[in-house]
Amino acid sequence: MAAIYGEEWCVIDDCAKIFCIRISDDIDDPKWTLCLQVMLPNEYPGTAPPIYQLNAPWLTGQERADLSNSLEEIYIENIGESILYLWVEKIRDVLIQKSQMTEPGPDVKKKTEEEDVECEEDIILACQPENPVKALGFDISENRTEIEELPPIDHGIPITDRRSTFQAHLAPVVCPKQVKMVLAKLYENKKIASATHNIYAYRIYCEDKQTFLQDCEDDGETAAGGRLLHLMEILNVRNVMVVVSRWYGGILLGPDRFKHINNCARNILVEKNYTNSPEESSKALGKNKKVRKDKKRSEH
C-alpha cells in the first residue's frame, strides 16, 4: 500500500498494524479529503475485516453511515481477501462523485472546521478535527449563569459483544445549553471522541408549559437516537440526558446493536434512580408493548 499511495499512506504503529491513509478526490487540487484509519487484526484477511474509522470534519452522520455500509458490503463480497485497496478506491470514488456535485467544498461550509486535517501519531486523534466540539457547531460561552453550570456526568458499565463495545454516559440537564456543555465535556475525553458513534437523547420537563423539551441524535447509527428517546419516553424520565458511545469492532451485529444501546441506557437510568427498579422498568416496557398490540387488534 505504501508503494501504491506514497505519502498518502501513514504508518501509525507498525507492530500493532495500525495505519492511516489520506484519500482525496484529486491529488493535485483536492476539494474533498477523508482519512481512513485502520487496524489490521491477526485474523485479517482470513476471517476478520480491518477495524476502521472514517475521519473528516465535513462527514455527516448519514454520509458516514452510507459509506460504512458500502465498505462492509465490499468485505462481505470478498471475505478472505485483502480489501484495503478496494476500500480506498471506493472512498475515492465517493469523493470524486461529491466533487462533481454543485455543492461547495468543506472550506466554505463551516468556519469552525479545520480545512486541512493532519494525521496524528495518536491513533485516537488521527485525522480528526483539532476541536471535535467545534466541528459539531457548539458555542459554549465562558459566561455561564448558575443554572447553566456543567452538570455531573456518570459513566455506565460497558457492554462488549463481538468486539464492539457500548458504554452509556448520563447527566442531569434542565436546559439545552447544558446539553451542549455535557457533549463538549464528553468530547474532551479522547476515547469518547474516537467512538464510531455517540448516540444521545434528552428530555427536559418545562414546568411553566407542562410539556417536555426533547431531542435525539443518531450520529451515523440510523434510527438509534429515536429508539433511545423512545425508551426514555416509556420509562417516563425527565431532566436527564443519556449518551451511548459505540466503538465498532469490525463485526456486524445487526439488530443486536440497538438492544445493547438501549440496555446500556436503561441500566444507567435505573442505577442513578431516574426510573423505577429493573423489575418495574421491565413491566413498563412490557405494558407498552401490550398497549401497542391491543391498539392493533382494535384497528382490525
Side-chain angles (χ1 to χ4, degrees), residues 61-62 133 136-156 166-187 192 197-246 258-300:
Q62 188 57 53
V133 172
L136 291 174
F138 296 152
D139 179 20
I140 307 301
S141 172
E142 293 181 359
N143 300 319
R144 299 168 179 167
T145 62
E146 186 173 349
I147 197 171
E148 292 175 345
E149 290 181 351
L150 176 68
I153 303 174
D154 292 297
H155 307 279
F166 303 79
Q167 185 179 26
H169 321 281
L170 178 148
V173 292
V174 294
C175 64
K177 184 91 170 182
Q178 286 187 319
V179 171
K180 294 180 180 181
M181 289 179 183
V182 170
L183 289 172
K185 185 63 178 178
L186 287 173
Y187 269 87
I192 294 172
H197 309 288
N198 281 302
I199 305 115
Y200 71 82
Y202 65 87
R203 299 189 83 215
I204 299 170
Y205 186 65
C206 305
E207 293 284 355
D208 54 341
K209 297 180 181 178
Q210 300 290 296
T211 59
F212 280 94
L213 175 63
Q214 58 186 38
D215 201 359
C216 60
E217 169 60 44
D218 295 336
D219 193 31
E221 188 70 282
T222 306
R227 290 168 183 255
L228 177 57
L229 180 57
H230 182 58
L231 171 71
M232 294 172 71
E233 289 173 333
I234 292 171
L235 297 178
N236 196 29
V237 298
R238 60 176 63 188
N239 299 333
V240 65
M241 172 184 189
V242 177
V243 181
V244 179
S245 302
R246 180 196 179 182
F258 298 117
K259 177 183 70 177
H260 296 320
I261 290 167
N262 275 16
N263 280 344
C264 275
R266 180 172 167 272
N267 289 346
I268 198 169
L269 285 166
V270 171
E271 179 187 345
K272 299 303 174 182
N273 298 317
Y274 277 90
T275 183
N276 302 316
S277 66
E279 294 77 11
E280 291 175 326
S281 297
S282 297
K283 288 179 183 178
L285 290 169
K287 182 179 179 181
N288 182 269
K289 290 179 181 178
K290 185 178 185 299
V291 168
R292 288 203 299 265
K293 286 181 181 179
D294 291 343
K295 185 177 179 181
K296 286 182 180 179
R297 286 173 185 168
S298 63
E299 290 173 351
H300 291 293

Spatial distance of atom CZ (Arg227) from atom CG (Asp218) [nearest 0.5 Å]: 10.0 Å

Heavy-atom side-chain contact between Gln167 and Val244 under 4.5 Å: no

Inter-residue atom distance Met232.CE - Arg238.CZ, 0.5 Å rounding: 12.0 Å

Residues Leu170, Ile153; criterion side-chain contact (heavy atoms from CB on, under 4.5 Å); working and verdict: CA-CA 6 Å; Leu170 178 148; Ile153 303 174; over 6 Å; no

Side-chain donor-acceptor contact under 3.5 Å, Tyr205 with Gln210: yes

Arg203 side-chain N/O to Val237 backbone N/O, donor-acceptor pair under 3.5 Å: yes

Interatomic spacing from CG in Asn267 to NZ in Lys272 - rounded to 0.5 Å: 12.0 Å

Min side-chain heavy-atom separation Pro172-Val240 under 4.5 Å: no

Residue pair Asp215 / Tyr202, side-chain heavy-atom distance below 4.5 Å: yes

Test item: Leu183 and Val243 side chains (from C-beta on) under 4.5 Å apart, heavy atoms: yes

Sidechain-backbone polar pair: His155 side chain, His169 backbone, donor-acceptor under 3.5 Å: no

CD-CG distance between Glu217 and Asn198, expressed to the nearest 0.5 angstrom: 10.0 Å

Min side-chain heavy-atom separation Asn239-Val173 under 4.5 Å: no

Test item: Glu233 and Gln214 side chains (from C-beta on) under 4.5 Å apart, heavy atoms: yes

Nearest-0.5 Å distance that lies between atom SG in Cys264 and atom CG in Leu228: 10.0 Å

Min side-chain heavy-atom separation Ile204-Phe212 under 4.5 Å: no

From Cys216 atom SG to Leu231 atom CG, the distance as rounded to the nearest 0.5 Å: 12.0 Å

Shortest non-hydrogen separation from Ile199 to Ala224 and the atoms involved: CG2-C, 3.8 Å

Shortest non-hydrogen separation from Ile268 to Gly156 and the atoms involved: CD1-N, 3.4 Å

